[in-house]
Amino acid sequence: MFKAGDFVVYGSNGVCRVQKVGTLDSPGVPKDRLYYTLIPCYIKGSTIFTPVDNQKVIIRLVLTREEALQLIDEISCIDMLWIGDEKKRELQYKEAFRSCDCRELVKIIKTIYLRKQSRIAEGKKVTTQDDKYFHMAEDALYGELAVALGFTREETKKFVIDRVKQLEVQEG
């Protein structure tokens, strides 16, 4: 069970701070059921109430600083998703988001980044679908890494790019 003050990833809502754990004083809500009161870090003015025993939505602790740095250092080794069929690719993107797994978000970002570069080189536009999922994956990944590292999302993106480039130069 999480405790007040913990930072968690709550499904597609992203990073949230656990404000409290307890019963809800609301009509129609069982008085003996425990709920998390979650405050999303990047959705202003929003509060989420979810049962502690909720099995439908993934809820997990945010990566630690060490886990975040390890993930960043492994980015160049993480595979991409190569699916030619547009519909199957979107299903793969959706599945990756549902997993709430940072490695899956990295796969999406790497895949779409390279697809963008390839399409631009061919004189084609970036697809709306790719653009949408690229920004969603960046927001989710950099949002979690920012909390783990103590940076803003913008600082985190720059930090990640600089660190990956630095590691590539050292290895290469």
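In this chain, numbering begins with 1 at the start of the sequence shown. When reading the values below, keep in mind they use all heavy atoms of this one structure, side chains included, and skip hydrogens, waters and symmetry mates.
- Around CZ of Phe159, the count of heavy atoms belonging to other residues, nucleotides or ligands within 6.0 Å exceeds 12.
- Judged by distance alone, with hydrogens and angles left aside, the side-chain atoms of Thr156 form a donor-acceptor pair with the main-chain N or O of Thr152 at under 3.5 Å.
- Under the 4.5 Å side-chain heavy-atom criterion for Ile, Leu, Val, Met, Phe, Trp and Tyr, Tyr42 and Met136 are members of distinct hydrophobic clusters.
- By the rule that hydrophobic residues join a cluster once side-chain heavy atoms approach within less than 4.5 Å of another member, Val62 and Tyr36 end up as members of separate clusters.
- Between Thr23 and Lys20, the shortest heavy-atom contact is O-NZ, 4.0 Å.
- Taking both residues in full, the closest heavy atoms of Ser99 and Ile58 are given as O-CD1, 3.5 Å, listed atom of the first, atom of the second, then distance.
- Here the closest non-hydrogen pair linking Ile72 and Arg163 is CG2-CD, 3.8 Å.
- Using a 4.5 Å heavy-atom cutoff, the side chains of Phe97 and Ser12 are not in contact.
- Side chain of Arg89 to backbone of Ile83: a donor-acceptor contact under 3.5 angstrom is found.
- Under 3.5 Å, the side chains of Glu90 and Tyr133 contain a donor-acceptor pair of N or O atoms.
- A donor-acceptor pair under 3.5 Å links the side-chain atoms of Lys110 to the main chain of Ile75, judged by distance alone.
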Steps toward side chain to side chain contact (heavy atoms under 4.5 Å, CB included) verdict (Met80, Leu114): CA-CA 9 Å; Met80 293 173 282; Leu114 289 175; 2.9 Å; yes

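- Cluster annotation: Phe49 and Val21 are assigned to distinct hydrophobic clusters (Ile/Leu/Val/Met/Phe/Trp/Tyr, side-chain heavy-atom contacts under 4.5 Å, transitive).
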Verdict with reasoning, Asp25 to Lys31, per salt bridge (charged side-chain N to carboxylate O under 4.0 Å, His left out): CA-CA 7 Å; Asp25 189 21; Lys31 300 293 181 210; 3.5 Å; yes

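- The distance from the CG atom of Asp101 to the CG atom of Leu105 is 7.5 Å, given to the nearest 0.5 Å.
- A donor-acceptor pair is defined here as one N or O able to donate and one able to accept, closer than 3.5 Å; such a pair exists between the side chain of Thr127 and the backbone of Asp130.
- Atom CG of residue Leu167 and atom CG of residue Asp73 lie 5.0 Å apart, to the nearest 0.5 angstrom.
- The CD atom of Glu144 lies 13.0 Å from the CG atom of Asp139; values are rounded to the nearest 0.5 Å.
- Between Gln19 and Ala4, the closest heavy-atom pair is O-CB, 3.5 Å.
- Side-chain contact between Tyr93 and Gln129: present, with at least one pair of heavy atoms (C-beta onward) separated by less than 4.5 Å.
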Working for side chain to side chain contact (heavy atoms under 4.5 Å, CB included), residues Val147 and Leu63: CA-CA 8 Å; Val147 170; Leu63 297 176; over 6 Å; no

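- When all heavy atoms of Glu67 and Thr64 are compared, the closest pair comes out as OE1-N, 2.8 Å.
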Stepwise side chain to side chain donor-acceptor pair (under 3.5 Å) test for Thr50 and Tyr10: CA-CA 10 Å; Thr50 186; Tyr10 180 69; 3.1 Å; yes

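- Following chains of ILVMFWY side-chain contacts shorter than 4.5 Å, one cannot reach Leu38 starting from Tyr35, and the two form parts of different hydrophobic clusters.
- Listed for the Glu122 side chain is no donor-acceptor partner under 3.5 Å among the backbone atoms of Arg119.
- In summary, Glu95 and Lys88 do not engage in a salt bridge, as defined by a charged side-chain N under 4.0 Å from a carboxylate O.
- With hydrogens and angles ignored, the 3.5 Å screen pairs no side-chain donor or acceptor of Ser46 with any backbone N or O of Ile43.
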Residues Val18, Thr37; criterion side chain to side chain contact (heavy atoms under 4.5 Å, CB included); working and verdict: CA-CA 6 Å; Val18 178; Thr37 302; over 6 Å; no

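- A 4.5 Å side-chain heavy-atom check between Arg17 and Asp6 finds every atom pair outside the cut-off.
- Between Lys158 and Asp162, at least one side-chain nitrogen of the basic residue sits less than 4.0 Å from a carboxylate oxygen of the acidic one, meeting the salt-bridge criterion.
- For the residue pair Asp131 and Val126, the shortest heavy atom distance occurs at N-CG1, 4.3 Å.
- A salt bridge does not link Arg153 with Glu138: every distance from a Lys NZ or Arg NE/NH1/NH2 to an Asp or Glu carboxylate oxygen is 4.0 Å or more.
- The CD1 atom of Ile39 lies 8.0 Å from the SG atom of Cys16; values are rounded to the nearest 0.5 Å.
- For the pair Lys116 and Phe134, the cation sits on the ring face: its NZ or CZ lies under 6.0 Å from the ring centre, inside 45° of the axis.
- Hydrophobic cluster membership is shared by Ile48 and Val57, with clusters built from Ile, Leu, Val, Met, Phe, Trp and Tyr side chains linked at under 4.5 angstrom.
- Salt-bridge annotation for Asp79 and Lys107: absent, with no side-chain N of the basic residue lying under 4.0 Å from a carboxylate O of the acidic one.
- With Arg60 contributing its side chain and Cys100 its backbone, the two residues share a donor-acceptor pair below 3.5 Å.
- In this structure, Val8 and Val15 have side chains that are not in contact, with every pair of non-hydrogen atoms separated by 4.5 Å or more.
- Here Leu91 sits alone; no ILVMFWY side chain lies under 4.5 Å from its own, so it joins no hydrophobic cluster.
- For the residue pair Gln70/Glu74, the side-chain donor-acceptor check at 3.5 Å is satisfied.
- In this structure, Gln92 CD and Leu81 CG are separated by 5.0 Å, a value rounded to the nearest 0.5 Å.
- Taking 4.0 Å as the cut-off between side-chain N and carboxylate O, Glu154 and Lys157 do not count as a salt-bridged pair.
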